[in-house]
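Note that the coordinates shown come from a computational prediction; the quantities given were computed from them, not determined experimentally. Numbering of ligands and ligand atoms starts at 1, following listing order. Just so it is clear, the values below take in all heavy atoms, side chains as well, and ignore hydrogens, waters and symmetry mates.
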Amino acid sequence: MKCNFLYFSLIFLASCTNSTKEETVDCVNDNIRFANQQLGRQAQIIEESGTTLNPRTVKDDTIQYISNEDWTSGFFPGTMLLMYELTGDNKWMKYGIKYTEKLDSVKYLTSHHDIGFIINCSYGNAYNVTKNEKYKAVIIEAAKSLSTRFRPIPGVIQSWDENRGWQGTKGWMCPVIIDNMMNLELLFKASDVSGDSTFRKMAISHANVTMENHFRDDYSCYHVVDYDKIKGGVRGKYTAQGYSDESAWARGQAWALYGYTVCYRETKDKKYLNFAEKIYGFIFNNKNMPEDLVPYWDFDAPNIPNEPRDASAAAIIASALYELSSYTNDSYKKQADKIIASLSSPAYRAIVGTNHNFLLMHSVGSIPHGNEIDVPLNYADYYFLEALTRKKELEKN
Ligand code: GLY
């Protein structure tokens, strides 16, 4: 990372990782102050546009707004709701609800698995903060849509259609990506609020089959596993967004860690907790994990240390580790605190009014597709704020 940031980074590291309560609270409060200003500017631009724009990233110095069906459409509404949780300011609740309700039609989306991400981050958070019954209905409808993608023979939710988009040329039959672990939270939630255990059973089946097939002996994971949905079994293992089929794409490892932590929360089955800890072991013992704990975009990228970092992977890992620490021990929290300290430093955190009003710089969407390389991403910001809500909650006691 750039040398002129080193001095400032050291100051932030000192204020974000020291162990006294006052100093750690300061770190959270400092980030809340910053996010309040930065996202305040973002929300103001959107409000002044007279429509509900949904920001995802920046391309050629221009902010990119997305449609409701984009896999990342739930993150900006969710970010507003997390700001409400962090500040208690009703302005954020108002924006969060308004941008969430714009996504209403997504509950019928069956063309890809990301309905889980979209609805859980928007309506899931809206339900958590308001307990409004009408959001329950959306969560249940969305889970029904997601469950149309469950393939009983391999026992997984199919991520992408085999005959659509860029993956339509691959000859896959039932591609499942590790990211899909993140869609299970919607299914668990739908069972909780409806009392219908069908969704939960699908989630558990998906988690178990993924555990069986997606992971290598060292607990790193493949990005894509293609299943035979007629005979069952695995047809092949690949990457889509990683460096190579056999490499460990950083955000994929982050999704896996987060996903199995959620599975433990929802089932209390120790096998998921143990598995999350094994994934943690791979990530944190990796020789290519940098000292500031913000991973390169792929742990096996060929030109490390001259490869882009992925702040989004770091934010997801930090958020997962705060939750994991609440089930196990404080060492996970210490690592999460170090990540948050790094992300809070000027090496990754934007200056107010820059970065098109996104919070974090230096994330990666997909290098193999030539998309979103070293840019801000709405999901990096979402998981950064989620991590801060979890840190704040843990430190309350
Ligand atoms: N789910 C897509 C990604 O992580 O880029």
Check each N or O atom of ligand 1 against all protein N or O atoms and list the pairs under 3.5 Å, with atom names and distances to 0.1 Å, one per line.
residue  : atom  : partner : partner atom : Å
ligand 1 : 1 (N) : D179    : OD2          : 2.7
ligand 1 : 4 (O) : D179    : OD2          : 3.2
ligand 1 : 4 (O) : R251    : NE           : 2.9
ligand 1 : 4 (O) : R251    : NH2          : 3.4
ligand 1 : 4 (O) : W255    : NE1          : 2.9
ligand 1 : 5 (O) : Q241    : NE2          : 2.7
ligand 1 : 5 (O) : R251    : NH2          : 2.5

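- Side chains of S344 and N31: a donor on one and an acceptor on the other come within 3.5 Å.
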Acceptor/donor pairs from residues 137-145 side chains to any protein atom, 3.5 angstrom cut, sequence neighbours excluded:
residue : atom : partner : partner atom : Å
S145    : OG   : K107    : O            : 2.5
S145    : OG   : E141    : O            : 3.3

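- For N36, the side chain to side chain donor-acceptor pair (under 3.5 Å) test picks out W92, with sequence neighbours left out.
- No side-chain donor from either of D26 and N29 sits under 3.5 Å from a side-chain acceptor of the other.
- For D218, the side chain to side chain donor-acceptor pair (under 3.5 Å) partners at least two apart in sequence or on another chain are S220.
- Between the side chains of T57 and Q64, no donor-acceptor pair is found at a separation under 3.5 Å.
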